[in-house]
Amino acid sequence: MSEKVFPKDFIWGAATASYQIEGSPLADGAGPSIWHRFSHTSGNTYNGDTGDVADDHYNRYKEDIALMKELGLKAYRFSISWSRIFPNGKGKINEKGIDFYNRLVDELLKANITPFVTLYHWDLPAALQDLGGWTNRDIAYWYTDYTDYMFQRFGDRVKNWITLNEPWVMAFVGHFMGEHAPGMKDLYASFSVVHNQLRAHSKTVKAFREENIKEGKIGITLSNSSHDPATDSQEDKEAARLAHEWTNYPLFLNPIYKGEYPSGIKEHASEFLPHNYENDLEEIKEKIDFVGINYYSGDLVKLDTKSFLGGKTVERGLPKTEMGWEIYPEGFYKILKGVQEEYNPKEVYVTENGAAFDDKVVNQEVHDEKRIEYLKYHLEQALRAIQNGVTLKGYFVWSLLDNFEWAWGYSKRFGIVYVDYKTQKRIIKDSGEWYSQVIKNNSFEF
């Protein structure tokens, strides 16, 4: 039994994002975000769904925190909507936005749940997008003004901070593939966004140090898939390596820890990086306290000379989630072990891990055995990573609640709590009850 138990100070949590759950995006003086604008543009989301109501968490946060307490969560990762605080992205402050997050933080602390705050989870104030958004170098200053203000207002109670959530997705799915806000299709813009996010991140870390928050920690959260070569050929191995460097943690951690972009990016994509980008690298190399790893899936990569960076994914017949993502827990271990070996971070947190399945309510219950199986296999790999030297300190399941799944609207459910969007009724799924036992036993075997 003992070898299946997590370290006794391990933090068990759940994660959400502001635009996905809060609803009321323009309430009480808030400004529109790029996601508000994007989802209200015809053809951008499934069914024309928007985050206007979502889970109505803005009004139901107390009920949701009571659920967290019932589940036994030790921590809750949520994001702050920048445009609730600065309706225009900068300048005038909206105190009612501050009030909401004050109430949320206080309610969490009252329930003995540690807040982990993500400062940016994709919902840029629309007013800043009109000035070029993340492609404008000045955003590093706008962002740091906003984040520093958050440290001043909440730093007395919030100790754990994440600068950016999945900056790769923001850069490439939002600016190259056009599938997320702001809906651009410009590869040069994408690499500017990568670089400006790194600049904004490092300036924020510096501001955080200057605020001297007692017991405060700051890190970044990165998206990852496990990219394995389709064959043993040198070409496929190289294609998989490039896919890893481009889409996983190296694109951001290499500059943060080593002051340079990964070799494959410099070799194959340096023309897309902003002019004189090298001048910023020393400043970007700012020490962080932890790395947040998001992991859902893996794939096989084969050489494809037609594609950007020369690779394409191929099928390998593994079961898939509702998102069409293959279930590959082994890849989770590879990512966790890789990040430790390559950068030796002080601490690692799994800031998102979970799966979408076609959940149905039967007699007021949701029997989601596939999700339980998915989580159990991934927790096995997380424990294996700890036993093999990874400084993994906590795990946040994605997601606490079914929610607005970006361009997929309300068609995909990731929650361990079911939400009936018509009535806003919450039902703890079997996976939620199971996860509650994991937390209680500090183990996935009970």
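Taking 4.0 Å as the cut-off between side-chain N and carboxylate O, Lys302 and Glu315 do not count as a salt-bridged pair. The existence of a salt bridge linking Lys429 and Glu433 is excluded, since no basic side-chain nitrogen approaches an acidic carboxylate oxygen closer than 4.0 Å. A salt bridge does not link Asp359 to Arg413: none of the charged side-chain nitrogens sits closer than 4.0 Å to a carboxylate oxygen. Between Arg384 and Glu380 there is no salt bridge, since none of the side-chain N atoms of the basic residue sits less than 4.0 Å from a carboxylate O of the acidic one. Ion pairing of Asp289 with Lys346 is present here, as a side-chain N (NZ or NE/NH1/NH2) and a carboxylate O approach within less than 4.0 Å. A salt bridge does not link Arg60 to Asp64: none of the charged side-chain nitrogens sits closer than 4.0 Å to a carboxylate oxygen. In summary, Asp228 and Arg316 engage in a salt bridge, as defined by a charged side-chain N under 4.0 Å from a carboxylate O.
Taking both residues in full, the closest heavy atoms of Pro115 and Phe78 are given as CB-CE2, 3.9 Å, listed atom of the first, atom of the second, then distance. Between Ser443 and Phe6, the shortest heavy-atom distance links the atoms CA-CD1, 4.4 Å. Taking both residues in full, the closest heavy atoms of Pro345 and Val339 are given as CD-O, 3.5 Å, listed atom of the first, atom of the second, then distance. Smallest separation of non-hydrogen atoms from Lys185 and Met177: CE-O, 3.5 Å. The minimum heavy-atom distance linking Val390 with Leu336 is given by the pair CG2-O, 3.7 Å. Across all their heavy atoms, Ala239 and Gly311 have their closest contact at CB-CA, 4.1 Å.
In summary, of the residues considered (Trp246, Phe172, Phe176, Tyr261), a ring-ring contact (aromatic ring centres under 6.0 Å, His included) with Phe191 occurs for Phe172 alone. Residue Tyr120 forms a side-chain hydrogen bond (donor to acceptor under 3.5 Å, both in side chains) with just one option from Trp82, Tyr146, Tyr143, Trp134, and that option is Trp134.
Atom NZ of Lys312 is surrounded by 12 or fewer heavy atoms from other residues, nucleotides or ligands within 6.0 Å. Within 6.0 Å of the OH atom in Tyr46, the count of heavy atoms belonging to other residues, nucleotides or ligands does not exceed 12. Around atom NZ of Lys110, no more than 12 heavy atoms belonging to other residues, nucleotides or ligands sit under 6.0 Å away.
Side chain of Asn94 to main chain of Arg84: a donor-acceptor pair is present (N/O by atom type, distance under 3.5 Å, no hydrogens or angles). A distance-only check finds no donor-acceptor pair linking the side chain of Asn388 to the backbone of Ile386 [under 3.5 Å]. One N or O on the side chain of Ser436 and one on the backbone of Leu71 form a donor-acceptor pair closer than 3.5 Å. Checking side-chain atoms of Trp161 against main-chain N and O of Val158 turns up a donor-acceptor pair under 3.5 Å. Formation of a donor-acceptor pair under 3.5 Å by the Ser39 side chain with backbone atoms of Thr50 is not found in this model. In this structure, the side chain of Asn294 does not engage the main chain of Leu222 through any donor-acceptor pair within 3.5 Å. In terms of modelled atom types and a separation under 3.5 Å, the side chain of Tyr374 and the main chain of Gly354 share a donor-acceptor contact. Between the side chain of Asn224 and the main chain of Tyr249, a donor-acceptor pair closer than 3.5 Å is present. Within the 3.5 Å criterion, the main-chain N or O of Phe10 finds no donor-acceptor partner in the side chain of Lys393. Lys159 contributes a side-chain N or O that, together with a main-chain N or O of Gly155, makes up a donor-acceptor pair within less than 3.5 Å.
Figure legend: Arg153 and Tyr101 shown without cation-pi pairing, the cationic atom not lying both under 6.0 angstrom from the six-membered ring centre and within 45 degrees of its axis.
Between His121 and Arg77 there is a side-chain heavy-atom pair separated by less than 4.5 Å. His201 places none of its side-chain heavy atoms less than 4.5 Å from the side chain of Gln197. Trp122 places a side-chain heavy atom less than 4.5 Å from the side chain of His180. Proximity of Glu22 to Asp56: side-chain heavy atoms (C-beta onward) are nowhere separated by under 4.5 Å. Residues Phe86 and Leu128 form no side-chain contact, since every pair of their non-hydrogen atoms from C-beta on lies 4.5 Å or further apart.
Using the six-membered ring where Trp is involved, His40 and His36 have ring planes that are tilted, between 30° and 60° apart. Under the 30°/60° scheme for interplanar angles, the aromatic rings of Phe404 and Trp35 are found to stand perpendicular. Between Tyr295 and His378, the ring-plane angle classifies as tilted under the 30° and 60° cut-offs.
Side-chain rings of Phe357 and Phe414 stay apart, their centers remaining 6.0 Å or farther from each other. Ring centroid separation for the pair Phe100 and Tyr61 comes in under the 6.0 Å cut-off. With ring centers used as reference points, Phe116 lies under 6.0 Å from Phe396. Between Phe252 and Trp168, the ring center distance fails the sub-6.0 Å criterion.
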Starting from the C-alpha separation in whole Å, work towards a yes-or-no answer on side-chain hydrogen bond (donor to acceptor under 3.5 Å, both in side chains) for Thr351 and Thr221.
-> CA-CA 7 Å; Thr351 36; Thr221 276; 3.1 Å; yes
Given side-chain hydrogen bond (donor to acceptor under 3.5 Å, both in side chains), test Tyr410 with Asn47 step by step and report yes or no.
-> CA-CA 9 Å; Tyr410 296 98; Asn47 227 11; over 6 Å; no
Run the side-chain hydrogen bond (donor to acceptor under 3.5 Å, both in side chains) check on Thr204 and Thr147 step by step: do they pass?
-> CA-CA 7 Å; Thr204 285; Thr147 56; 2.8 Å; yes
Side chain to side chain contact (heavy atoms under 4.5 Å, CB included) between Arg157 and Asp106: does it pass, once the steps are laid out?
-> CA-CA 8 Å; Arg157 288 153 295 154; Asp106 289 345; 2.9 Å; yes
Full working for side chain to side chain contact (heavy atoms under 4.5 Å, CB included) between Ile65 and Lys69 | CA-CA 6 Å; Ile65 292 169; Lys69 192 173 179 181; 5.6 Å; no
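Judged purely by distance below 3.5 Å, without hydrogens or angles, the side chains of Gln424 and Asp55 never pair a donor atom with an acceptor atom.
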